[in-house]
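Every value quoted in this text rests on a predicted model; they were computed, and no experiment measured them. Within every chain, numbering begins at 1; the chains are lettered A, B, ... in the order of the sequence lines, protein sequences first and strands thereafter.
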There are 2 protein chains.
Amino acid sequence: MVHSGEQAAPTLHDLPEAGAEPDHSDGSAAYQFLGTRWNLQIISALLDGYTRFTEIALLLNLNSRTLAERLKHLELEGIAVRRGHNQIPVRVEYELTAKGQALREVVSEIRKWALQADGQTAMEVIGETNGGRYAEHDILRIR
Amino acid sequence: MVHSGEQAAPTLHDLPEAGAEPDHSDGSAAYQFLGTRWNLQIISALLDGYTRFTEIALLLNLNSRTLAERLKHLELEGIAVRRGHNQIPVRVEYELTAKGQALREVVSEIRKWALQADGQTAMEVIGETNGGRYAEHDILRIR
DNA sequence: CCGTATCCTCTGGGATACTG
DNA sequence: CAGTATCCCAGAGGATACGG
């Protein structure tokens, strides 16, 4: 991408060509989008009120190159908007559009799942380790 | 993977080392997992009752190599189980565990989102195109 | 039918350095 | 601070062929 016009997921908007084969392939654009690395985490961060570029980069420990690309993608999808307050020092804020806010439910469910999944995993671990102590793994952190 | 023990997402189970830096980085394993290409689609397919290997491969237009790897991963995560009926011709079925079934809510929310996202997008498109006809794009297909 | 084994290409994305 | 520009490579994953 860096090479010739960065571009992550097929921009939601796109259809293989009206006359092509009844291709069920690509799977819904939504899955494609949500299934793209970092997108969920970034959205999650935005939902939690993190709006600054650097803030998010630090939070997710994500390099600026990738974050910039993803945010640009979110903008194209109409999921987030960039609001640049031209002042010194530069201050930019990203926030979710209605479409982006609508993902709150999705993220919410994911968090629920992660929690119970953690529980189940913990039980498995407990089963195979002795003592009431948790092993030094299986701690699902939800950002 | 084929090369040296294929392995997609960090197996949910894993922690950078108890004594490491308070690394908030990696983001929850759940996001890592759901944010891995194909996982969501495969789970969605399983939720919809598609249980056969070939069936899923065709449905998602996914090659066997990748599908096999992902399914193996799902098994390791305790999200799906492989049930091999030893008969001729070979017949294998994959089904979700309780942990996997729990993802139904997540998938459900994603579908809802995709639908309304589609609506919003359609409206935008309508706004910039004339006539009541939809442009030949923006058709969100849900797996 | 259900995979595994190879080969091989493409690109995601980290590291690093630099601008406005 | 908020990116952009490069360099660069491990690894995702498609195509193809084969095996139980």
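- Closest approach to the Val90(B) side chain among dG14(D), dA2(D), dC1(C) is made by dC1(C) (side chain taken as heavy atoms from C-beta onward).
- In terms of heavy-atom proximity, Leu40(A) sits nearest to Gly35(B) at CD1-N, 4.4 Å.
- Under the 3.5 Å distance criterion, with hydrogens and angles disregarded, no donor-acceptor pair is assigned to the side chains of Tyr31(B) and Arg37(A).
- If you measure from atom CZ of Phe53(B) to atom C1' of dG20(D), you get 15 Å, rounded to the nearest angstrom.
- Going from atom CG of Leu71(A) over to atom P of dG3(D) covers 7 Å, rounded to whole Å.
- Following rounding to the nearest Å, Leu59(A) (CG) and dC1(D) (P) show an atom-to-atom distance of 15 Å.
- Between Lys72(A) and the phosphate of dG3(D), there is no side-chain N or O to OP1/OP2 separation shorter than 4.0 Å.
- Distance Asn63(B) CG to dC8(C) P: 17 Å, rounded to the nearest Å.
- For Arg65(A), counting side-chain heavy atoms from C-beta on, the closest listed nucleotide (dC1(D), dT6(D), dG3(C)) is dT6(D).
- Regarding Glu93(A), its CD atom lies at a distance of 16 Å from the C1' atom of dG3(D), rounded to whole Å.
- The side chain of Arg37(A) places an N or O atom within less than 4.0 Å of a non-bridging phosphate oxygen (OP1 or OP2) of dG14(C).
- Taking the six-membered ring for Trp and thresholds of 30 and 60 degrees, Phe33(A) and Trp113(B) have nearly parallel ring planes, at less than 30 degrees apart.
- One finds the CD atom of Gln116(B) at 9.5 Å from the NZ atom of Lys112(B) (value rounded to the nearest 0.5 Å).
- As rounded to whole Å, 17 Å separates atom P of dT6(D) from atom CD of Glu69(A).
- Each of Tyr94(B) and Thr66(A) was assigned the nucleotide of DNA chain C with the nearest heavy atom; the assignment lying further toward the 5' end belongs to Tyr94(B).
- The side chain of Arg52(B) places no N or O atom within less than 4.0 Å of a non-bridging phosphate oxygen (OP1 or OP2) of dC1(C).
- Side-chain nitrogen and oxygen atoms of Ser64(A) include none within less than 4.0 Å of the OP1 or OP2 phosphate oxygen of dA2(D).
- Counting non-hydrogen atoms under 4.0 angstrom, Leu67(A) reaches nothing in the nucleic acid.
- Atoms CZ (Arg82(B)) and P (dC1(C)) sit 15 Å apart, rounded to a whole Å.
- Looking at Arg82(A), its side chain never comes within 3.5 Å of a backbone N or O of Val92(A) through a donor-acceptor pair.
- Counting only heavy atoms from C-beta on, Ala68(A) has its side chain closest to dT4(D) among dA2(D), dT4(D), dG14(D).
- Rounded to an integer number of Å, the gap from Ile42(B) CD1 to dA12(D) P is 14 Å.
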